[in-house]
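For reference, the structure I am asking about is given below.
Predicted model, so just to flag it, every value in this text is computed and none were measured.
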Amino acid sequence: MPLRRVADKPTWLLSRANARSQRILGAAFAEAGIRGYHYRLMAAAEQYGPLSQAELGRHTGIDRKDVTLAVTELEDRGLLARERDPADNRRNVVTLTASGHTELVRLDDMLADVQKAVLAPLSPTEQRTLIGLLRRLGDAVDPAATHDD
């Protein structure tokens, strides 16, 4: 029996839905032998082209230390390449390799299956409605969370 005080609270319901979607996503990433950080970093490198590690962190919302570790892991797997920036020897520029692009396409297919599994309890119309509502909630400005980026 659900706890009555929270059963109909949007924060509780969103948390439960998020926990379910994260379980499905986590299992798929584990089966693919990759983490969500890896996917986000490769996607950002593909979308924005060569970037510094700091820029990768800003585009993906990943902490700078975690970016460094994950880029090293992806570089070791041949999915990202990291070179010194010729204009500023203090920073590294990260690019997606051809193997990284191939892996990104494979992961996109896997993520499409994850989206289907997450939304499976809903009809196609409900899925579109939910996506629109979630987009609106995510795009709403939270004055307490604003910062200078």
Could you state the interatomic distance from CG (L130) to OG1 (T125), rounded to the nearest 0.5 Å?
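Result: 12.5 Å between the selected atoms.
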
After noting the C-alpha distance and the side-chain angles of Y48 and E55, does the key distance pass the side chain to side chain contact (heavy atoms under 4.5 Å, CB included) rule?
CA-CA 10 Å; Y48 299 108; E55 290 169 319; over 6 Å; no

Can you name the closest pair of heavy atoms from N92 and R84 and give their distance?
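Closest heavy-atom pair between N92 and R84: OD1-NH1, 3.3 Å.
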
Got a donor-acceptor contact below 3.5 angstrom from the E75 side chain to the A81 backbone?
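Not confirmed, E75 side chain does not pair with A81 backbone.
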
So does A112 get a backbone contact from the side chain of K116, meaning a donor-acceptor N/O pair under 3.5 Å?
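Flag not set: sc K116 to bb A112 has no pair under 3.5 Å.
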
For E73 and H38, test the side chains for any donor-to-acceptor distance below 3.5 angstrom and give the result as yes or no.
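A donor-acceptor contact under 3.5 Å links the two side chains.
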
Count the heavy atoms of every other residue, nucleotide or ligand shown that sit under 6.0 Å from CZ of R16, and state whether that count exceeds 12.
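Count not over threshold, so no.
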
Side chain to side chain contact (heavy atoms under 4.5 Å, CB included) between L80 and T97, worked out
CA-CA 5 Å; L80 289 179; T97 65; 5.5 Å; no

I131 CD1 to E126 CD distance, which is reported to the nearest 0.5 Å
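Between I131 CD1 and E126 CD, I get 12.0 Å after rounding to 0.5 Å.
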
Count the heavy atoms belonging to other residues, nucleotides or ligands that lie under 6.0 Å from CG of D109, then report whether that count exceeds 12.
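Check passes, neighbour count above 12.
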
Kindly determine whether L111 and L25 satisfy side chain to side chain contact (heavy atoms under 4.5 Å, CB included), including the steps that lead there.
CA-CA 8 Å; L111 283 173; L25 180 61; 3.3 Å; yes

Are any non-hydrogen side-chain atoms of Q53 and R91 less than 4.5 angstrom apart?
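A side-chain contact under 4.5 Å is absent here.
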
R23: partners by side-chain hydrogen bond (donor to acceptor under 3.5 Å, both in side chains), with sequence neighbours left out
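Result, side-chain hydrogen bond (donor to acceptor under 3.5 Å, both in side chains) vs R23: none returned.
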
Cluster overlap L122 with L13, hydrophobic side-chain contacts below 4.5 Å
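In one cluster: no.
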
Which atom names give the shortest non-hydrogen contact between R106 and A32, and what distance separates them?
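Of all heavy-atom pairs spanning R106 and A32, the closest is NH2-O, 3.2 Å.
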
Please find the pair of heavy atoms, one from S99 and one from G78, that lie closest to each other, and give the distance.
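What the structure gives for the nearest pair is CB-O, 3.6 Å.
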
Using atom types as modelled and distance alone, determine if a side-chain donor or acceptor of R20 lies under 3.5 Å from a backbone N or O of V118.
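Yes; at least one donor-acceptor contact below 3.5 Å.
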
Is it true that R82 and T72 share a donor-acceptor pair across their side chains at a distance under 3.5 Å?
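Yes, a side-chain donor-acceptor pair sits under 3.5 Å.
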
Under the criterion side chain to side chain contact (heavy atoms under 4.5 Å, CB included), I'd like the reasoning laid out for L96 against L79: C-alpha separation, chi angles, the key distance, then a yes or no.
CA-CA 6 Å; L96 187 67; L79 303 173; 5.5 Å; no

Considering all heavy atoms, the nearest I24-A117 contact
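Nearest pair, atom of I24 first, then A117: CG2-CB, 4.1 Å.
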
Please report the shortest heavy-atom distance between A44 and T60, naming the atom on each side.
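Of all heavy-atom pairs spanning A44 and T60, the closest is CB-CG2, 3.7 Å.
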
Side chain S52, main chain V93, donor-acceptor under 3.5 Å:
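Not a single qualifying donor-acceptor pair exists.
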
Is it true that V94 and L69 fall in one hydrophobic cluster, defined by side-chain heavy atoms closer than 4.5 Å?
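No, V94 does not connect to L69 through the hydrophobic network.
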
Answer with yes or no whether the hydrophobic clustering places L14 together with V6; edges join I, L, V, M, F, W, Y residues whose side-chain heavy atoms lie under 4.5 Å apart.
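Different hydrophobic clusters.
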
Under a 4.5 Å cut-off applied to non-hydrogen side-chain atoms, are E103 and I34 in contact?
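In short, these two side chains touch, coming nearer than 4.5 Å.
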
L107, V105: one ILVMFWY side-chain cluster at the under-4.5 Å cut-off?
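Unlinked, L107 and V105 end up in two clusters.
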
Flag the pair K65 and D63 as a salt bridge only when some basic side-chain nitrogen lies within less than 4.0 angstrom of an acidic carboxylate oxygen.
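Between D63 and K65 there is no salt bridge, as every charged N stays at least 4.0 Å from the carboxylate O atoms.
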
Looking only at non-hydrogen atoms, find the nearest pair between G100 and M42 and report the distance.
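Answer, listing the atom of G100 first, then M42: O-SD, 4.2 Å.
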
Y39 and F29 aromatic ring geometry - parallel, tilted or perpendicular at 30°/60° bounds:
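Tilted: the ring planes of F29 and Y39 meet at 30° to 60°.
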
